[in-house]
Protein chains: 2
Amino acid sequence: MIFSSELIKGTMKTIVLKLLADNKKMYGYEITQRVKQLTMDKIQITEGALYPTLHALESEGLLTTETEYIGKRVRKYYSLSPSGKTRTKEKVIEIADFMETMQILLDIKPRTA
Amino acid sequence: MIFSSELIKGTMKTIVLKLLADNKKMYGYEITQRVKQLTMDKIQITEGALYPTLHALESEGLLTTETEYIGKRVRKYYSLSPSGKTRTKEKVIEIADFMETMQILLDIKPRTA
DNA sequence: CAAAAATACATAAGAATCCAATGTATTTAG
DNA sequence: CTAAATACATTGGATTCTTATGTATTTTTG
């Protein structure tokens, strides 16, 4: 099952931020592949969605970039800025809280891990 | 805390459908108040968001309506159609699955209820 | 009782966000 | 040598919700 896109709306930024928090630096294509792998293909971040998001986060000052050349190919690495780290924590907490609220509202029992 | 609106995007329809599954019939204003109450003010569904959603669900054939007069005031009740009931189950399962995936991705531990 | 708040419906313009499609270019695998 | 994978990016469009506005009735409160 691939989740309908409207569910992913609103979580894109947080997913990207969280991955960068766990991995120090990543480049765009790597992010799409990592999400695909971590979610067992349930969430597919397309490049048309990712790159605008990365640019938006960068212009908000949450990300910094460094460019590397792999042969002749450009690779653009993204990392969290200090404010990016703070914001990531806030956003993860917000989603966690939101999901608890939704579980009550939709009467979903969380699995005991 | 009120959740940033982009999180709620994509869950509106499911919230409305689930409330109707639990309550047989409800009217618009009642839905906004119930959500507010059930979520302890964390989710506020505005009327500008709700009515278009209700009309969309109705035109998809998931809801049926009946009008009542309370004094001179119109009250429009919404109920699930048979296909609405089916769809509600599907959508709740989808969100439950999505939330589990997000918990893995964001490394969130679900509370043991 | 008059004014304010709550109840109850609704629409319209706009912002935000993501998707699909498209484009370019390099590298690797068959 | 050709196809697939890697890697960047933009554009137009659809969807979805917000803000603002509008109308009207009923209830509460000073």
Task: Presence of A:K76 side-chain N/O under 4.0 Å of D:dA9 phosphate oxygens OP1/OP2 - done: yes
TODO: Please state how far atom NZ in A:K9 lies from atom C1' in C:dA16, giving the value in whole angstrom units.
DONE: 9 Å
- [ ] Starting from the 5' end of DNA chain C, give me the residue, A:M12 or A:K72, whose nearest nucleotide shows up first.
- [x] A:M12
TODO: Please check the phosphate of D:dT10 (OP1 and OP2 only) for any side-chain N or O of A:Y51 closer than 4.0 Å.
DONE: no
- [ ] Would you sort out whether B:E68 and B:K25 count as a salt bridge (Lys or Arg N to Asp or Glu O under 4.0 Å), showing the intermediate values?
- [x] CA-CA 12 Å; B:E68 237 177 58; B:K25 67 175 187 179; 3.7 Å; yes
Task: B:K76 to B:Y27, cation-pi by 6.0 Å centre distance and 45° axis angle - done: no
TODO: Would you mind classifying the nucleic acid contact of A:E30 as base, sugar-phosphate or nothing, using non-hydrogen atoms under 4.0 angstrom?
DONE: nothing
- [ ] Test side chain to side chain contact (heavy atoms under 4.5 Å, CB included) on B:Y78 and B:V16 and set out the steps.
- [x] CA-CA 10 Å; B:Y78 292 88; B:V16 170; over 6 Å; no
- [ ] Round to a whole Å and report the spacing from CD1 of A:I43 to P of C:dC19.
- [x] 10 Å
Task: Atom-pair distance (CD1 on B:I8; P on C:dA16), nearest Å - done: 17 Å
Task: Atom-to-atom span, CZ of B:F98 to P of C:dC18 - whole angstrom - done: 11 Å
Task: Closest heavy-atom pair and its distance - A:T39, A:I43 - done: OG1-N, 3.1 Å
- [ ] Please work out which residues in residues 15-26 of chain A have a non-hydrogen atom less than 4.0 Å from an atom of DNA chain C and list them by number.
- [x] none
TODO: Would you mind reading off the distance between B:Y77 atom OH and C:dT7 atom P, rounded to a whole angstrom?
DONE: 14 Å
- [ ] Mind listing the closest non-hydrogen atom pair of A:L105 and B:K18 along with its distance?
- [x] O-CG, 3.9 Å
Open item on the list: Quick check on DNA chain C: between B:G28 and A:T53, whose nearest nucleotide comes earlier from the 5' end?
Closed with: B:G28
- [ ] Measure from OH on A:Y27 to C1' on D:dC8 and round the result to the nearest Å.
- [x] 12 Å
Open item on the list: Could you tell me how far apart B:E60 (CD) and D:dT15 (P) are, to the nearest whole angstrom?
Closed with: 11 Å
Open item on the list: Measure OH/B:Y69 against C1'/D:dA24 and give the value in whole Å, please.
Closed with: 12 Å
Task: Nearest-nucleotide comparison on DNA chain D, the residue closer to the 5′ end among B:G10 and A:V74 - done: A:V74
Task: Criterion salt bridge (Lys or Arg N to Asp or Glu O under 4.0 Å) on A:K42 and B:E94, from CA distance to verdict - done: CA-CA 11 Å; A:K42 287 177 188 169; B:E94 190 192 5; over 6 Å; no
Task: Between the first and last five pairs of the helix from C:dC1-D:dG30 to C:dG30-D:dC1, the angle of the axes, rounded to 10 degrees - done: 30°
Task: Derivation and outcome, side chain to side chain contact (heavy atoms under 4.5 Å, CB included), residues A:R87 and A:E60 - done: CA-CA 11 Å; A:R87 183 68 68 80; A:E60 286 174 51; 3.8 Å; yes
TODO: Return the 5'-most residue of the pair A:I70, B:L50 with respect to DNA chain D, ranking by each residue's nearest nucleotide.
DONE: A:I70
TODO: Please work out if A:T46 contacts a base, only the sugar-phosphate, or nothing of the nucleic acid, heavy-atom cut-off 4.0 Å.
DONE: sugar-phosphate
Open item on the list: Taking 4.0 Å as the cut-off, does a side-chain nitrogen or oxygen of A:H55 come that near to OP1 or OP2 on D:dT10?
Closed with: yes
Open item on the list: What I want to check is whether an N or O donor and acceptor connect the side chain of A:R73 with the base of C:dT27 at under 3.5 Å.
Closed with: no
TODO: Looking at every strand, decide which applies to A:G48 at a 4.0 Å heavy-atom threshold: base, sugar-phosphate, or nothing.
DONE: base
Open item on the list: Pair B:I15, B:M12 - check side chain to side chain contact (heavy atoms under 4.5 Å, CB included), show working.
Closed with: CA-CA 5 Å; B:I15 290 171; B:M12 267 285 296; 5.8 Å; no
Task: Least distance between heavy atoms, B:G61 atom then B:S83 atom - done: O-OG, 3.2 Å
- [ ] Determine which pairs satisfy ring-ring contact (aromatic ring centres under 6.0 Å, His included) with at least one residue from residues 47-68 of chain A, sequence neighbours left out, and list them in order.
- [x] none
